[in-house]
There are 2 protein chains.
Amino acid sequence: MKKKPVKLADVARFSGVSTATVSRALSLPHKVKPETLERIQRVIKKLGYVPHGAARALATRRTHTIGAVIPTLDNAIFANTTHALQKTLDEAGYTLLLGCHEFNPKVEARIARKLIERGVDGLVLFGTDHENELWELIERVQIPYVLTWALDRTGRRPCVGFDSREAGVRVAQYLMDLGHRRFAMIAGITATNERHRERVRGVREALAARGIALPPSRIIEKPFSPTAGREAMQEILRQRVRSTAVICGNDVLAIGAIAECHAQGLNVPADISVTGFDDMEFASMVTPALTTVHFPAAELGQYAAEHLLARLSGRKVPHQQQLPVELIVRASSAAPREVLAEVG
Amino acid sequence: MKKKPVKLADVARFSGVSTATVSRALSLPHKVKPETLERIQRVIKKLGYVPHGAARALATRRTHTIGAVIPTLDNAIFANTTHALQKTLDEAGYTLLLGCHEFNPKVEARIARKLIERGVDGLVLFGTDHENELWELIERVQIPYVLTWALDRTGRRPCVGFDSREAGVRVAQYLMDLGHRRFAMIAGITATNERHRERVRGVREALAARGIALPPSRIIEKPFSPTAGREAMQEILRQRVRSTAVICGNDVLAIGAIAECHAQGLNVPADISVTGFDDMEFASMVTPALTTVHFPAAELGQYAAEHLLARLSGRKVPHQQQLPVELIVRASSAAPREVLAEVG
DNA sequence: TTGTAAGCGTTATCAC
DNA sequence: GTGATAACGCTTACAA
């Protein structure tokens, strides 16, 4: 036997006013006579009235809700971005609807549609690679959105992100400056992931610019897991010509790669250099710390939220926003022994 | 000049049927004549009709939405739980509304209320410690909820979680069995966090049972960050009587603690043993691996979701559900040198 | 400053 | 199988 929920009309009745006045008391308190307002608020408290969001959304055509479809929460870097996203939205009175696609574009499209049907006022997507079907839906329903992590090279879509190619160039140049000449790369899956495509491209182009090749056999694509990183490193260590520097598509792969080196009795970086992208703050505190190109994930979440919030409230914002990345040099990279030998 | 969104009535008009039939075509397709159904579906596709969730929610009094208020996404363990939660809900056709309270109970209450106003069909909370105000709200609106991570000792509230006290007992006994007698603990903030209170209690009780005291000076409470872990370890290493075993309230604190040991030239575990709770899979791959009591976070998320989904669809489920934790022994714990000396 | 009443876009209960 | 039509709970002109 559950009692019916209290509704706005009940509050109105008990306060001896109309529903319109109660509604105003809630959303435009300054347009209500102070005494009336106070009376209404007392009744609201006494009755324990809780506004009905769906009804309000139906009437106002606004849900104060933002949807985000992220790759996964199992990677700290995306979790960090999402955390900042949620926090910024919350402070602005918005609620986050969250979905994870686990690197499957079809799933992403499905979830995005679901969020749109739930009525989100805006949408946050990760990267620029998306199903056509999703683009069409977004276009059709005219929902404000922002792409994150990546930059849209066409310049047509609103985004706040990083230049992944540039990041690739940075590590490659750094390692070449240390004297490395034989490279291998443990890349993430690049097919539907422009961020990792660009990282590889950056590395490859920077190497090529100094006459160093990175043949396909030296680029091993793996899903994002430490185990996959280990496997890839095994493959690399099996190759006849040994690489002196291994660049990993992200921190997770790098951790696995280092673990495999250790398992084979190799010293990092004395015997082989391992670098990566993203971050590994925690692990770096206690291990041959990883040199990485660091992407400030939390800042990204905050800026992405602010971008969307600004547009929702009619403010002007730069269509494209690029966030700087930072090369953090730690103990995991070094000159290869052979180079040191030459110099010495 | 934005064109008005397509609504169900438009689909009805173009298909030459009533809105009732279109509605049925959407939710009870088998109750519609196949030809009619097909015609409607064609029109839906052609018009690009997207159902209006708020209107549907208003009419059905169901949003197919679940709210979760978690501590933070910046700790991998909660991110993992949330990931599994989202995934399980998604598979059942539900959407996750997410909020983070960052260990502030007032914020938790505020966000929970917001989610309830948005119309979530159910609520997932972390732990058993909550503001009275929140309990009253939950009671008043009669919303199905489930507590996670912790177990409710009163047995009155639905929950799926772990026995944190037991976890504390496990590490303590393990370390005592190794020969340790002088302990210190780097605890998390316990005031509004029964999980960490219970971990401390378990350790303390297990030690007491074997006549070992853990005086307040040996329990250092810190917020959950590696930096705080380092600071706490500094304090501990400054104490006149040196502890041989340091138990950390979670993995994040433990990482910091180990880092500080290394910084001071101490070998872990030869010079001092450092253990923890939760997990540290990645770091463990490349560092003096942490012995921990492992809480299967992803499983928890899945079970919590299933619990709630079951109740929402009227199925019976156990009111309380305890998930097993596992002591994972790795290289970070060991007999203290003095003990080895005695034995040797 | 407050009240009246017409939506908002669905679903659901009846008839037919 | 299908169609009218009354909810669902709130907002917002427009009046008073």
Side-chain angles (χ1 to χ4, degrees), chain A residues 2-41 43-44 47-65 114 116-121 141 143, chain B residues 2-41 43-44 47-65 114 116-121 141 143:
Chain A
K2 67 196 303 183
K3 41 210 172 297
K4 289 168 69 174
V6 179
K7 54 192 192 185
L8 187 141
D10 300 322
V11 176
R13 196 153 34 79
F14 273 79
S15 316
V17 297
S18 73
T19 61
T21 304
V22 177
S23 177
R24 281 184 215 110
L26 255 28
S27 29
L28 312 157
H30 59 283
K31 307 214 117 198
V32 173
K33 184 163 49 162
E35 300 103 78
T36 320
L37 182 58
E38 207 197 335
R39 182 153 36 98
I40 293 176
Q41 285 168 339
V43 173
I44 286 180
L47 261 44
Y49 167 67
V50 176
H52 191 294
R56 173 174 295 181
L58 182 56
T60 60
R61 310 165 128 295
R62 278 286 204 148
T63 57
H64 284 273
T65 263
K114 198 163 72 163
I116 289 173
E117 294 186 352
R118 297 274 186 269
V120 295
D121 291 339
V141 301
I143 188 175
Chain B
K2 66 198 302 185
K3 43 210 172 297
K4 289 167 69 174
V6 178
K7 52 192 195 183
L8 187 140
D10 299 323
V11 176
R13 194 151 37 80
F14 273 79
S15 316
V17 297
S18 72
T19 61
T21 303
V22 177
S23 178
R24 279 185 218 109
L26 255 27
S27 30
L28 312 156
H30 60 281
K31 305 215 122 201
V32 173
K33 183 159 55 157
E35 299 105 78
T36 320
L37 182 59
E38 208 197 334
R39 184 153 36 95
I40 293 175
Q41 285 168 340
V43 173
I44 286 179
L47 262 43
Y49 167 67
V50 176
H52 190 295
R56 174 174 293 181
L58 183 55
T60 59
R61 311 168 126 294
R62 279 284 204 150
T63 57
H64 284 274
T65 263
K114 197 163 74 164
I116 289 174
E117 293 186 353
R118 297 274 186 270
V120 294
D121 292 339
V141 301
I143 188 175

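In what follows, every heavy atom counts, from backbone to side chain, and hydrogens, waters and symmetry copies are set aside. Every chain is numbered from 1, with letters handed out A, B, ... down the list of sequences. Keep in mind that this is a model prediction, so the values were computed, not measured.
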*Checking Arg24(B) side chain against Leu37(B) main chain: does a donor-acceptor pair fall under 3.5 Å?*
no
*Return the value, rounded to whole Å, for the distance between atom CG of Leu8(B) and atom P of dC8(D).*
20 Å
*From dT1(C), dT11(D), dC8(C), nucleotide with atom closest to Leu58(A) side chain*: dC8(C)
_Residue mapping more 5' on DNA chain D - nearest nucleotide basis, Arg24(B) or Val6(A)_ = Arg24(B)
*Between atom CG in Leu26(B) and atom P in dG9(C), what is the gap in whole Å?*
16 Å
_Between Asp121(B) and Thr63(B), is there a side-chain donor-acceptor contact under 3.5 Å, judged purely by atom types and distance?_
yes
*Using a heavy-atom cut-off of under 4.0 Å over every strand shown, decide if Thr60(B) touches base, sugar-phosphate, or nothing.*
sugar-phosphate
*Separation of atom CG in Leu47(A) from atom P in dG9(D), rounded to whole Å*: 15 Å
*asked:* What's the closest nucleotide to the side chain of Ala55(B) if the choices are dT2(C), dT10(C), dA5(C)?
replied: dT10(C)
*Separation of atom CZ in Arg62(A) from atom P in dG7(C), rounded to whole Å*: 23 Å
*Nucleotide dT2(D), atom C1' - distance to CG of Leu28(B) in whole Å*: 13 Å
*Using only side-chain N and O atoms of Thr36(B), determine if any of them is under 4.0 Å from OP1 or OP2 of dT2(D).*
yes
*Salt bridge check: are Arg13(A) and Asp10(A) linked by an N-O gap of less than 4.0 Å?*
yes
*Got a second to check how far Leu26(A)'s CG is from Ile44(A)'s CD1, nearest 0.5 Å?*
5.0 Å
*Nucleotide of dG9(D), dT2(D), dT4(C) approaching Ser18(A) most closely (side-chain heavy atoms)*: dT4(C)
*NE2 of His30(B) versus C1' of dT2(D): gap in Å, rounded?*
15 Å
_Just the rounded figure in Å: distance from C1' of dG9(D) to CZ of Arg56(B)._
18 Å
*If you check every side-chain atom of Thr21(A), which of dG3(D), dG9(D), dT2(C) has the closest atom?*
dT2(C)
*For the side chain of His52(B), counting heavy atoms from C-beta on, which of dG9(D), dT10(C), dT1(C) is nearest?*
dT10(C)
*asked:* Categorize Val32(B) for me: base, sugar-phosphate, or nothing, with a 4.0 angstrom heavy-atom threshold over every strand shown.
replied: sugar-phosphate
*Verify the contact: side-chain N or O of Lys31(B) to OP1 or OP2 of dG1(D), cut-off strictly under 4.0 Å; return yes or no.*
no
*Mapping Ala20(A) and Arg39(B) to their closest nucleotides on DNA chain D, which lands nearer the 5' end?*
Arg39(B)
*Of the candidate nucleotides dG9(C), dG9(D), dT12(D), which contains the atom at the shortest distance from the side chain of Arg61(B)?*
dG9(D)
*Using atom types as modelled and distance alone, determine if a side-chain donor or acceptor of Thr60(B) lies under 3.5 Å from a backbone N or O of Arg56(B).*
yes
*Please state how far atom NZ in Lys4(B) lies from atom C1' in dG9(C), giving the value in whole angstrom units.*
12 Å
_Test your reading of the model: is there a side-chain donor-acceptor pair from Arg39(A) to the backbone of Ser15(A), 3.5 Å cut-off?_
yes
_Among dA5(C), dG3(D), dT10(C), which nucleotide has an atom closest to any side-chain atom of Thr19(A)?_
dA5(C)
*Ala59(A) has a side chain; which of dG1(D), dG9(D), dG3(D) sits nearest to it?*
dG9(D)
*asked:* So, does Lys7(B) get its side chain near the phosphate of dG9(C), meaning an N or O under 4.0 Å from OP1 or OP2?
replied: yes
